[in-house]
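Since this is a predicted model, take the numbers as computed values, not measurements. In what follows, chains carry the letters A, B, and so on, assigned in the order in which the sequence lines appear, proteins first and then strands, with residues in each chain numbered from 1.
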Number of protein chains: 2
Amino acid sequence: MRADAQKNYDHLLTVARGLVKEQGADASLRDVARSAGVGLGTLYRHFPTREALLEALLRQGFDELAAKAGDLATASTPGEALVAWLRDLVACANDYRGAIASMVAAIEDEGSALHTSCVTMKAAGTRLLVRAQAEGEARSDLDGADLFALVGALAWVGDQPALAPRADHLFDIIASAILAAPAPKRPSRARR
Amino acid sequence: MRADAQKNYDHLLTVARGLVKEQGADASLRDVARSAGVGLGTLYRHFPTREALLEALLRQGFDELAAKAGDLATASTPGEALVAWLRDLVACANDYRGAIASMVAAIEDEGSALHTSCVTMKAAGTRLLVRAQAEGEARSDLDGADLFALVGALAWVGDQPALAPRADHLFDIIASAILAAPAPKRPSRARR
DNA sequence: ACCTGAACACCGTTCAAGT
DNA sequence: ACCTGAACACCGTTCAAGT
């Protein structure tokens, strides 16, 4: 890459990070180019789609999550490892409001710039889930897709200003549901 | 209301229902007016905001939910009543993809045309929750706001094409978490 | 009273023209 | 190679002018 192009790329990313953190994943691309002092075509040259830009922004967090998944696979108990990793994944998605919808859609869209990253995340989560299930620490009626959907749901809650204050509490509730054994069809009254 | 105005109102609502069902709550308002064969100003006259249009579309479902909440308060067991009502509320939100975000935001926005409806829904859900809690059929560490947030999360899952197939399963999992007693801080291993 | 549609200020996306 | 910005086809929203 030519030196001037590299400089544009880096600067665009910095500016985009600020704007997307403020205004969410649907921030105006025109604004990004304008704030970076660069032509619209330059933005499109470096990031041909909005997903490509989002992918670049999420890159660092994704890499850290991948590394952490590896560490957790040997450290701590399987159930704790799973929950700790899920918490980080949700936090990563919440860095950019609205990004979670693109991440979720990318799982099934091979053409998306986010596809590979998100499939990798889903696979890492699935491994942690399977290990916890093998040890009897996670309920058995869940698979990787269910887990990713729950992450999506929790990230969405964190993205809504009116719900965000409840996000941590709901995370704990759903985490405990993941760790618990599946409930019987009809809730049993307390023993008497 | 003048007869011609009433006719426009009704026709706009019919057309909007179709378009919003197809394209989601962010369907183009221009398209709605165009498809209804009416000037843009006429749409804005009858529905000054997108929320006002959404409110009119959700009206029927909301009314049915309110009635059902009353019925359920005396019929069936408190836990079953709560879960059945939540299922219907999620289904109602899923009628119009993307509507749930507006509903959730409306709770705290007194200026929103959806405010009253959504506060009413939240209050009805809270009553069903409190009754179930009083009978020991719902966990005690939840309040109405938590419940509404969980409904939002589940409705969001149902709105995502990639996740919708999992929506029913996740509903059951979260429903059983609502009905269960809160888990201890650390998940206890199975008795041995 | 009610309706219309032009006008304004924005978008996303593409692409010919420049360096 | 890379950059620019005009051009196109869309938005949401307002409001003067019509009936």
Side-chain angles (χ1 to χ4, degrees), chain A residues 1-57 96-99 101-102 105-106 109 111-114, chain B residues 1-57 96-99 101-102 105-106 109 111-114:
Chain A
M1 177 143 50
R2 238 165 56 178
D4 56 341
Q6 181 72 54
K7 203 178 124 189
N8 277 337
Y9 179 94
D10 295 341
H11 190 223
L12 274 167
L13 213 50
T14 304
V15 167
R17 173 158 279 124
L19 277 175
V20 174
K21 267 212 163 93
E22 276 173 37
Q23 313 187 4
D26 56 350
S28 158
L29 297 180
R30 257 190 161 80
D31 260 7
V32 172
R34 208 151 33 203
S35 304
V38 125
L40 249 176
T42 303
L43 173 61
Y44 275 92
R45 158 175 282 266
H46 288 299
F47 308 102
T49 63
R50 186 175 233 107
E51 279 73 32
L53 178 57
L54 218 44
E55 205 276 338
L57 292 178
Y96 303 102
R97 183 164 32 88
S102 301
D109 177 6
S112 168
L114 283 165
Chain B
M1 181 144 48
R2 236 164 59 177
D4 56 343
Q6 180 73 54
K7 203 178 127 191
N8 277 336
Y9 179 94
D10 293 342
H11 190 224
L12 273 169
L13 213 50
T14 303
V15 167
R17 170 158 280 123
L19 277 176
V20 173
K21 267 213 164 92
E22 275 174 36
Q23 314 188 4
D26 55 351
S28 158
L29 296 180
R30 254 190 162 80
D31 260 6
V32 172
R34 208 152 31 205
S35 304
V38 123
L40 250 177
T42 304
L43 173 60
Y44 275 92
R45 158 173 283 266
H46 288 299
F47 306 103
T49 65
R50 187 175 231 105
E51 280 73 31
L53 178 56
L54 217 46
E55 206 274 339
L57 292 178
Y96 304 102
R97 184 162 32 88
S102 301
D109 178 6
S112 167
L114 282 165

Contact summary for [X] and [Y], nearest pair of heavy atoms:
X        : Y       : result
A:Ala113 : A:Glu51 : CB-C, 3.9 Å
A:Ala25  : A:Ala99 : CB-N, 3.7 Å
A:Leu19  : A:Ala27 : O-CB, 4.2 Å
B:Ala56  : B:Phe47 : CB-CE2, 3.8 Å
B:Glu22  : B:Arg97 : O-NH2, 3.0 Å

From [atom1] of [X] over to [atom2] of [N], roughly how many Å is that when rounded to an integer?
X       : N     : atom1 : atom2 : value
B:His11 : C:dC3 : NE2   : C1'   : 16 Å
B:Gln6  : C:dC3 : CD    : P     : 11 Å
B:Asp10 : C:dC2 : CG    : P     : 14 Å

What I'd like to find out is whether the side chain of B:Asn8 reaches to under 4.5 Å of the side chain of B:His46, using heavy atoms alone. yes
If you write DNA chain C from 5' to 3' in dot-bracket form, with Watson-Crick or G-U pairs under 3.5 Å, [ ] for crossing pairs and | for pairs with another strand, what do you get? ||.|||||...|||||.||
Cationic N near anionic O, under 4.0 Å, A:Arg34 to A:Asp31: yes
Just wondering, more than 12 heavy atoms not from B:Lys21 lying within 6.0 Å of its NZ? yes
Distance check, rounded to the nearest 0.5 Å: [X] atom [atom1] versus [Y] atom [atom2]?
X       : Y        : atom1 : atom2 : value
A:Arg50 : A:Ser112 : CZ    : OG    : 13.0 Å
B:Leu53 : B:Leu43  : CG    : CG    : 6.5 Å
B:Thr49 : B:Glu55  : OG1   : CD    : 9.5 Å

Which of the following nucleotides, D:dC3, C:dT4, C:dC2, is nearest to the side chain of A:His46? D:dC3
Can you build the contact string for nucleotides 7-19 of chain C? Use B for base contact, S for sugar-phosphate-only contact, and - for no protein heavy atom under 4.0 Å. B---BBBBB----
Below 4.0 Å: OP1/OP2 of C:dC3 and any side-chain N or O of B:Asn8: yes
The correct set of residues in residues 16-23 of chain B placing a heavy atom under 4.0 Å from DNA chain C is none
